[in-house]
Amino acid sequence: MDEPEETPDPADVLARLTALLGVPSSIGVGDVRVRGQNATGPGATAIGTVNITTATVGTGGRTWSETLSGTWVRQLADGYAPAPSDQRLDRQLKVRHLVCLTGADGTGRHTAACLASARRHGYDRVGVLDTEHLSDLLRADPPVRRGHGYTLALGDEAVRDLDGMTLVGLAARMESTGSTLVLVGDFDRRDQEFAGHLVPHRPAAAVEVLRAQLRRLLRGQCVGWCADGCTGDCLDVYVEEECVSHPLLAAHLAAGPRAGEVVRLAELIAQAPPRGVDLTERLERMLPRQLRDRARRVLSGEDDGVDGSSRWDVDQRRAFRLSCAVLAGQSVVEVQAAAGRLVVGPTPGTDGAATVPVGFLGGVVDLLLGQVLRQAVVLVDDDRLGGGRRIEFSPGNDQLRTSLLEVAWSDWWLPEQLLGWLAELVRTGRPGVREAAAGAVGWSARHGVGVALETVDQLARERRAGVRQAAAIALVAMAMQPELRQRVRTELDRWASAGPAHLRDTVARAYALGLARLWPDTALLHLRQIAQARMQRWHHSVVRGLVEVHTAGHQATVLPALAQWTRSEEPEVWLHAGRALRLLADRWAPAPREHWPELLDLVRVGTVSVTDLASCWVNALSLPTTAYRSWRTLGFWLNRADGHPEVAAHCLELLGLVVAGRAPLRHRLDHQLCHVWGPLMPRNTLLADVRRLTLEDRR
């Protein structure tokens, strides 16, 4: 059986590939939340007891409610550096019962939401919600206490699945209980759709976070060797004159590290507060530094100072260091396993899996890294990973990854051996390992595009969706290198027009992962050829590719193309047109026209025709697989249009064209008015005008 569909964000894929190809990137430290009697919040700084109430609601879904102790919330506030967006968040919570706080992981957004709830309701009335399905919170008995403020963290998938009607229902539910709810997540891609409910999180400056954390962690300690008894005055002197003004630390903070990284830095300093030279030496180990040695010295091991009795020979250490360059961001265990495969090679009868030498796993990581590479990477504790640690390259050291690959390719291994190793990682590794190895395959094409494309061809024929997804990432990496684009485009033309089903699926995935931004016109042609394949009914890569073309600024070509798709003879093509329309309908125009659906605003300015838009809506509202979500999205359009006469007029015009001469759609529209929109939006004055469309057939 095929494995579940994987959908990495195109922006994330492009960012990782950009770092691999030589452009610096930064470390990202996400929120750490533990359900139970433990920490809940950014980093691992939360202390105290968490009181938990767990409730099961209905069938098929579970919702958890955690009421935080007032003591814990007060202690959290004690080390908090106020964010510039806090005042706006406070104002929104006074007038609304539901607010979406948007920001990147590791910026302190979860802490800001909890403390905003504390300021609104009190330190003893702060809670955290968690749910498998957001719809569970709309049932009869959600575990929400009256007069409390709740925070609900949403992952990327939950943010994508959140629709406007669910947002309206959640707001009404919180209003009925006199409570508030802050949805925390990355809503950047849906900022226009949720305008009015959305508050962008603006984190405090890194230097302010460090000041607040150091003062909290060191309060009550003497850090100045006070002779006549410490009165606490030495703390401010130490923080301001010893730490904040230190050149290395000041440069690091000026680069804008995330809040989670600053919190960990403060904890390391506070463990044994250093001064002078000791502080400098510790900062040199913790903060990113420019590399002083070339990658050749890293792989040769000439500066390791390891004697002959070492349990790891030079080949094992070299393989480990190359694996760090390829798999940056993965766990230490994954890096060690990959190095073992490179040293030993595939063993017959093990489906390509390598036998790792005894004693290689669980070794001393510092010895395996060596002195030079150890200065360029950081080991991040992460309980979510096997082994508990992952390897990241420090900011400013991404170029070292490329240099390590260059030296390995030219001096140490044959291209066939390296490509075979990377392909094996794609086939046998976890999703993160697959994506990283696929990026390295794409990078390798600069040294031999023919053999790299042959490797991708073999991966693209695999039955497993995850392997094909990785092959698509390799294609994107190749296309990001200008000298390879013509060769890659020629290969994609051949695959999309006459290739086997799995090859065509890989092409669609490549466009969905960012390639559509480079070749929008070719993407529309190839995606139309791929959409008619029956295999694509169970995948959404074609639709994601169409959305990528749209977001790249080619709105004038996507919607007319979809209108043509609705007139195709292949039902599979109708399906993809309906899916694409539903996703595009969730997008909203930029300010100051954020109350306009983006597609409707494009009609207003003449970029697309209302006839094409109506044809796409008819298709989406009629197909069984897209009708439910499409009707809900249309209802949210009407909710946002109420009170905006110009938007309402365009909505009514569009609906008139949609139902004209189509009795089944008029009957379904009447059903929505009576049983869905009416009960959810009783004060919407636009629904009366919509109801007239169900009474007569306007031609």
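In this structure, a donor-acceptor pair under 3.5 Å is absent between the side chains of R146 and S179. Between the side chains of S117 and R125, not a single donor N or O lies within less than 3.5 Å of an accepting N or O.
One finds no salt bridge joining R160 and E157 here, because no Lys/Arg side-chain nitrogen approaches an Asp/Glu carboxylate oxygen to under 4.0 Å. In this structure, D90 does not pair ionically with R120, as no charged nitrogen and carboxylate oxygen lie closer than 4.0 Å. Between D670 and R691, at least one side-chain nitrogen of the basic residue sits less than 4.0 Å from a carboxylate oxygen of the acidic one, meeting the salt-bridge criterion.
Residues that satisfy the side-chain contact (heavy atoms from CB on, under 4.5 Å) test with D601, not counting sequence neighbours, are A589, R593, W596, R604. Every side-chain contact (heavy atoms from CB on, under 4.5 Å) that A663 has, sequence neighbours left out, goes to R666, H667. Residues satisfying the side-chain contact (heavy atoms from CB on, under 4.5 Å) criterion with A171, sequence neighbours excluded, are L98. For H121, there are no ring pair (Phe, Tyr, Trp, His ring centres under 6.0 Å) partners two or more places apart in sequence or in a different chain. Remark: R91 pairs with no residue by the side-chain hydrogen bond (donor to acceptor under 3.5 Å, both in side chains) rule, at least two apart or across chains. Scored by the ring pair (Phe, Tyr, Trp, His ring centres under 6.0 Å) test, Y150 finds no partners at all (sequence neighbours excluded). When the ring pair (Phe, Tyr, Trp, His ring centres under 6.0 Å) test is applied to W495, no partner is found at least two apart in sequence or on another chain. Applying the side-chain hydrogen bond (donor to acceptor under 3.5 Å, both in side chains) test to T102 and every residue at least two apart in sequence or in another chain returns D188. Partners of H526 by ring pair (Phe, Tyr, Trp, His ring centres under 6.0 Å), not counting sequence neighbours, listed by chain and number: Y511. Remark: S609 pairs with T611, D612 by the side-chain contact (heavy atoms from CB on, under 4.5 Å) rule, at least two apart or across chains.
In terms of modelled atom types and a separation under 3.5 Å, the side chain of N684 and the main chain of L638 share a donor-acceptor contact. Side-chain N or O atoms of T626 include one that pairs as donor or acceptor with a backbone N or O of A620 at under 3.5 Å. Within the 3.5 Å criterion, the main-chain N or O of W519 finds no donor-acceptor partner in the side chain of T522. When atom types are taken as modelled, the side chain of T177 and the backbone of M174 share a donor-acceptor pair closer than 3.5 angstrom. Side-chain atoms of R640 come within 3.5 Å of backbone N or O of E594 as a donor-acceptor pair. No side-chain donor-acceptor contact under 3.5 Å links T694 to the backbone of V690.
For residues 550-563, the set of pairs meeting the side-chain hydrogen bond (donor to acceptor under 3.5 Å, both in side chains) definition, not counting sequence neighbours, comprises H550-E598. Sorted by first and then second residue, the salt bridge (charged side-chain N to carboxylate O under 4.0 Å, His left out) pairs involving residues 557-567 (not counting sequence neighbours) form an empty list.
Atom CD of Q87 sits in a sparse spot, with 12 or fewer heavy atoms from other residues, nucleotides or ligands closer than 6.0 Å.
Ring centroid separation for the pair W631 and W617 does not come in under the 6.0 Å cut-off.
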